[in-house]
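Numbers restart at 1 for each chain; the letters A, B, ... are given by sequence-line order, proteins then strands.
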Amino acid sequence: MQLNTETSGQDLIIIVAAARIDAVQAIAFKERFRAAAANAEGRVVLDLSAVNFIDSSGLGALVASMKILGPSRKLELCALQDNVEKVFRLTRLDSVFKVHKTVAAARASLAGSGPATLVG
Amino acid sequence: MHNGGDHSDVVSVSFPATFAEVAKVLQRTMVAPALGDLSLARLRDLELVLAESLNNVVEHAYADAGLGEVRLNVSRDAGLVRLEIGDDGIVMPTTFAQGSTGEEPHDEGGRGWLLIRSLCKSVEYQRVSERNRLILEFVSSD
C-alpha cells in the first residue's frame with residue numbers, strides 16, 4: 001500500500017498508488033495515511049483514480065482517516081472509478097465525503113480555496 | 001461456459017480463515033472460466049459480495065483468530081450465480097443477515113451486510129448442527 005503526496009498551498013493531495021483498499025490493506029492504509037497527513041494544515045484530497053476495488057474494511061479505513069484529521073481539517077475524495085463510486089453510493093458515504101469527479105476538478109477547487117468549497 | 005438451465009459448479013474450495021486466504025480465493029474465483037460471460041461491472045459486484053461474506057466469516061464467525069475452516073461453493077443456475085458459504089464458527093446475530101444494521105454513515109463498521117443485501121437477489125442464513133451456512137443468489141446479467 002503506497003501513498004504519494006503533493007502539496008497545493010496549505011492543502012495536501014494524497015495519491016493512492018494501489019488497486020485495492022480491502023481487508024488485507026485496511027490497517028496499512030490507515031497507518032500510511034496518518035503519516036502522510038501528519039503535517040497537513042488544510043484540506044486533504046485523496047486521489048482514488050488507481051483504485052478499482054474497495055470493500056467495507058476499506059471504507060472503514062477511509063472513515064477512520066477522516067477522523068484522524070479531526071474536526072478542523074476536511075478529507076475529500078476524487079476520481080472514483082465507476083464501481084468504487086457505486087460502493088460509496090450504496091453505503092451512503094457519498095453524503096459523508098465531498099467527492100470531486102476528476103483530479104483536475106479537485107485541484108481547481110483547491111486552487112480557489114477558502115474554507116467553503118465548490119463540488120467539482 | 002454456462003448453459004441456460006444447467007446447475008454447474010464454478011468453484012468448490014475450503015481454506016483457512018484469514019484475510020490473506022480470502023484474497024487468494026477471490027483472485028482465483030474471479031478468473032474462473034465459468035464466470036467468463038459476466039460483464040466486468042458484474043464481476044466487480046460479485047467480487048465485493050464474496051469479499052464481504054468471506055471476510056465476515058474471518059472477522060466475526062471466527063472472531064479474527066486466524067483459525068477455522070471456510071467453505072465456499074460457487075455455482076451457476078439459470079441466470080444466477082449461487083454462492084454458498086459455510087463455517088463452524090459462532091452463530092451469526094440474525095439482525096445482520098435479515099434486517100437493517102441501523103448503522104450511521106460515520107461508523108467504521110456495519111457496511112458489509114448493507115452491500116451484500118444491496119447487491120444480491122436473495123440472502124438466506126441457516127444455522128444447522130453448530131454450522132453456519134449463508135446462501136446468496138446474485139443475478140449474472142447487467
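- Residues Ser56(A) and Gly112(B) share a closest heavy-atom pair of CB-N, 3.6 Å.
- When hydrophobic clusters are built by joining Ile, Leu, Val, Met, Phe, Trp and Tyr residues whose side-chain heavy atoms come closer than 4.5 Å, directly or via intermediates, Val123(B) is grouped together with Tyr125(B).
- Residue Val25(B) is grouped with residue Met30(B) when hydrophobic side chains (ILVMFWY) are merged at heavy-atom distances under 4.5 angstrom, including chains of intermediate members.
- In this structure, the portion of Leu119(B) lying under 4.5 Å from any heavy atom of chain A is its side chain and not its backbone.
- Nearest heavy-atom pair, Glu47(B) versus Phe53(A), reported as atom, atom and distance to 0.1 Å: CG-CE1, 3.4 Å.
- Residues of residues 82-90 of chain A that come closer than 4.5 Å to chain B, counting heavy atoms only, are Asn83(A), Lys86(A), Val87(A), Leu90(A), ordered by residue number.
- The hydrophobic cluster containing Ile135(B) does not contain Val11(B), counting ILVMFWY residues as joined when their side-chain heavy atoms lie under 4.5 angstrom apart, directly or transitively.
- Connection of Val70(B) to Val13(B) is established within a shared hydrophobic cluster, with ILVMFWY side chains joined at heavy-atom distances below 4.5 Å, either directly or through further cluster members.
- Residue Glu41(A) qualifies as open at atom CD: its count of foreign heavy atoms under 6.0 Å is 12 or below.
- Looking at Leu26(B), the atoms closer than 4.5 Å to chain A (heavy atoms on both sides) all sit in the side chain, from C-beta outward.
- Other residues, nucleotides and ligands place no more than 12 heavy atoms under 6.0 Å from the CD1 atom of Ile27(A).
- Criterion: ILVMFWY side-chain heavy atoms under 4.5 Å apart, direct or through other members. Under it, Leu69(A) and Ile14(A) are part of a common hydrophobic cluster.
- In this structure, chain B has heavy atoms under 4.5 Å from both the backbone and the side chain of Asn52(A).
- For a residue to count as touching a neighbouring chain, one of its non-hydrogen atoms must lie under 4.5 Å from one of that chain's; by this rule Leu115(B) touches chain A with the side chain only.
- Arg34(A) meets the side chain to side chain donor-acceptor pair (under 3.5 Å) test with no other residue; sequence neighbours excluded.
- In terms of heavy-atom proximity, Val24(A) sits nearest to Ala23(B) at CG2-CB, 4.0 Å.
- When heavy atoms are compared at a cutoff of 4.5 Å, Ile54(A) approaches chain B solely by way of its backbone atoms N, CA, C and O.
- Contacts between Ala51(B) and chain A at a heavy-atom distance below 4.5 Å involve the side chain alone, from C-beta outward.
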